[in-house]
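The chains referred to below are lettered A, B, ... by the order of the sequence lines, with proteins before strands, and numbering in each begins at 1. In this text the structure is predicted, and so the values were computed from the model without any measurement.
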There are 2 protein chains.
Amino acid sequence: MPKRRKYDEVPACAMVATLNLINGRWKGVILYYLLIKGTMRFNELHRQLPGCTPRLLVKQLRELEEDAFITRTVYPVVPPKVEYSLTDEGRTIGPILSQLNDWGTGWLERRGLRPKAAAAA
Amino acid sequence: MPKRRKYDEVPACAMVATLNLINGRWKGVILYYLLIKGTMRFNELHRQLPGCTPRLLVKQLRELEEDAFITRTVYPVVPPKVEYSLTDEGRTIGPILSQLNDWGTGWLERRGLRPKAAAAA
DNA sequence: CAGTATCCCGATGGATACTG
DNA sequence: CAGTATCCATCGGGATACTG
């Protein structure tokens, strides 16, 4: 497993390591979609993420794959078909995402802000 | 409240917003220490974070303060004395940090890795 | 369809030194 | 003690265009 992200080499603690794993502009949302939809193709996922360029989407997916959160299945057909889905490992992080979302919702409210699009419930 | 960090303006969802709040090389650990020690002075905190420069520590503390996680109390004495402690708001995130840490510990074990320094329990 | 290839920018954070 | 001041390297990520 290569060193790819900033503080992977020497995680100060498991908590920091975990934060590093799900950092990334779209990772949380990607995991969320795979969690509720089960399996999605590349462009299907892409359509859910307005503003995300293919380049970045690929990158985030590859990182999630390296970290064993998701699997990438390539079907040898024309046109290409690639499916992404959560691993069992990936599913274990579901509760954390929910908790982050719940806490954040409360925080935004307490600060008089409002979540723009409720991508995760 | 000024726009300071990358995705504050339009959080895709509360979950992403929350992640952005506790992103930062040392924020998780800072919160953890304040959580268990209650109140700490600048250098006292600094000593717990080998590798963290004063410059960066100040920055992270200021951000945490802006986000209402901590308070900064300056005592008008010589030599200077400044204390940092969690707000009630800050304390509400404690359970999340624990959960991130617990999950991360399991993840590191399952991947055959080992947390370097167990900064958070 | 599922990506690559380039180019580019701003934010984050490290190193080092200095100060009221 | 609790910071500032500078300078600098890196990285995440955006824009745009192209392809097997």
If I take atom [atom1] in residue [X] and atom [atom2] in nucleotide [N], what distance separates them, rounded to the nearest angstrom?
X     : N      : atom1 : atom2 : answer
B/L61 : D/dT4  : CG    : C1'   : 15 Å
B/E63 : C/dT12 : CD    : P     : 6 Å
B/E83 : D/dC1  : CD    : P     : 14 Å
B/Q48 : D/dA2  : CD    : P     : 14 Å
A/L56 : C/dA2  : CG    : P     : 17 Å
B/N20 : D/dG12 : CG    : C1'   : 12 Å
B/R25 : C/dA11 : CZ    : C1'   : 17 Å
B/L57 : D/dG3  : CG    : C1'   : 10 Å

Between C/dC1, D/dG3, D/dG14, which one does the side chain of B/F42 approach most closely?
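Of C/dC1, D/dG3, D/dG14, D/dG3 is nearest to the side chain of B/F42.
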Per A/V58 side chain, nearest of listed nucleotides C/dT4, D/dT4, D/dA15
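Looking only at heavy atoms from C-beta outward on A/V58, the closest nucleotide is C/dT4.
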Position toward the 5' end of DNA chain C (nearest nucleotide), B/P54 or A/N43
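So the residue in question is A/N43.
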Would you indicate what [X] reaches in the nucleic acid, counting non-hydrogen atoms under 4.0 angstrom: base, sugar-phosphate, or nothing?
X     : value
B/Q60 : sugar-phosphate
A/Y84 : sugar-phosphate
B/G51 : nothing

Heavy-atom donor-acceptor pair, A/R55 side-chain to C/dT6 base, under 3.5 Å
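By the distance-only test, yes, there is a pair.
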OP1 or OP2 of [N] versus the side-chain N and O atoms of [X]: is any pair under 4.0 Å?
X     : N     : answer
A/R72 : C/dG3 : yes
B/R41 : D/dA2 : yes
B/R62 : D/dT4 : yes

Taking only Lys NZ, Arg NE, NH1 and NH2, and the carboxylate oxygens of Asp or Glu, determine whether A/R111 and B/E89 approach each other closer than 4.0 Å.
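Looking at B/E89 together with A/R111, the answer is no, because their closest N to O distance does not fall below 4.0 Å.
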Between A/P80 and A/K59, which has a closest nucleotide on DNA chain D that is more 5'?
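It is A/K59, whose closest nucleotide lies nearer the 5' terminus.
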Using a 6.0 Å cut-off, check whether atom NZ of A/K37 has over 12 heavy atoms from anything other than its own residue.
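Atom NZ in A/K37 is not crowded, with 12 or fewer foreign heavy atoms closer than 6.0 Å.
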Just say parallel, tilted or perpendicular for the rings of A/H46 and A/F42, cut-offs at 30° and 60°.
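Judged by the thresholds at 30° and 60°, the geometry between A/H46 and A/F42 is tilted.
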For C/dA2, give the paired nucleotide (Watson-Crick: N1-N3 plus N6-O4 or O6-N4; G-U: N1-O2 and O6-N3; both under 3.5 Å), or none.
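Answer to the pairing question: D/dT19, which forms a Watson-Crick or G-U pair with C/dA2.
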Partner of D/dC11 by Watson-Crick or G-U wobble geometry, both contacts under 3.5 Å, or none?
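The base-pairing partner of D/dC11, which may sit in any strand shown, is C/dG10.
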I'd like to know if B/V58 and B/Y75 are part of one continuous hydrophobic network [Ile/Leu/Val/Met/Phe/Trp/Tyr, side-chain heavy atoms within less than 4.5 Å].
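Result: no, two separate clusters.
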Show the nearest heavy-atom pair for residues A/K27 and A/N23, with the distance to one decimal.
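Closest pair (atom of A/K27, atom of A/N23, distance): CD-O, 3.1 Å.
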Establish, from distance only, whether the side-chain atoms of B/T18 and A/W107 form a donor-acceptor pair under 3.5 Å.
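Their side chains do not contain a donor-acceptor pair, so the 3.5 Å distance test is not met.
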